[in-house]
Amino acid sequence: MAILPILSLPHPSLRRPADHVTTFDDQLKKVVADMFETHYATPNCGALAANQLGIPWHITVIDPSENKDEPLCLINAEIIEKSEETVNVKEGCMSVPGGFYYAVERHKTIKFRYQDVDGHTHEQEADDYLSRCVQHELDHLRGVVFTDYLPPFRRKLFMQKYMRKQHR
Ligand code: ZN
């Protein structure tokens, strides 16, 4: 297993829509194991999408538990139902280092469908934290970063501040 470097904005991998996983083999299991190892080795990490680690596949690893003992790997995940009700909670991102947190409007509850590492299909409902987490990660896998939701003026200010911090 290996801990992989987490790529940060403006790395082009973060803008690349993920490829659908079609082969459920040992190579996939190794990639997922590396993603979990990286996730657990990173403080305050709630979840990681594959393109944050330069991996082109549609994979996200999440552990919403406090004790970090409930690994959840979502392959080819898609949201199939979402609540009208939304929440607006501050988010941060491992690919946007430097203490940038902004509120993003998300569906409060979602139902999503995904495949596990063996290719079996599952459906699950998620509320609050896990719901927001899955929406954030699925955005990554289509090339969207949470700061993209900022209004243009605030987004410009954010980028200026962010780029200044990265070059310090
Ligand atoms: Zn993120």
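Indexing begins at 1, ligand by ligand and atom by atom, following the structure's order.
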Student: Just wondering, are more than 12 heavy atoms of other shown residues or ligands nearer than 6.0 Å to NZ in Lys29?
Tutor: yes
Student: Hey, what else clusters with Ile3 if you join Ile, Leu, Val, Met, Phe, Trp, Tyr whenever side-chain heavy atoms sit under 4.5 Å?
Tutor: none
Student: Parallel, tilted or perpendicular: which describes the rings of Phe100 and Phe158, with under 30° parallel and over 60° perpendicular?
Tutor: perpendicular
Student: Under 2.8 Å from the Zn ion (ligand 1), how many protein N/O/S atoms can be counted?
Tutor: 3
Student: Test: salt bridge (Lys or Arg N to Asp or Glu O under 4.0 Å). Region: residues 124-133. Which pairs qualify, not counting sequence neighbours?
Tutor: Lys108-Asp127, Lys108-Asp128
Student: Per the side chain to side chain donor-acceptor pair (under 3.5 Å) rule, which among Arg113, His58, Gln115 passes with Asn76?
Tutor: Gln115
Student: Would you mind writing out the side-chain donor-acceptor pairs for residues 89-99 within the sub-3.5 Å range, not counting sequence neighbours?
Tutor:
from: Glu91; atom 1: OE1; to: Arg106; atom 2: NH2; distance (Å): 2.9
from: Glu91; atom 1: OE1; to: His136; atom 2: ND1; distance (Å): 2.9
from: Glu91; atom 1: OE2; to: Arg106; atom 2: NE; distance (Å): 2.8
from: Ser95; atom 1: OG; to: Leu7; atom 2: O; distance (Å): 2.7
from: Ser95; atom 1: OG; to: Gln52; atom 2: NE2; distance (Å): 2.9

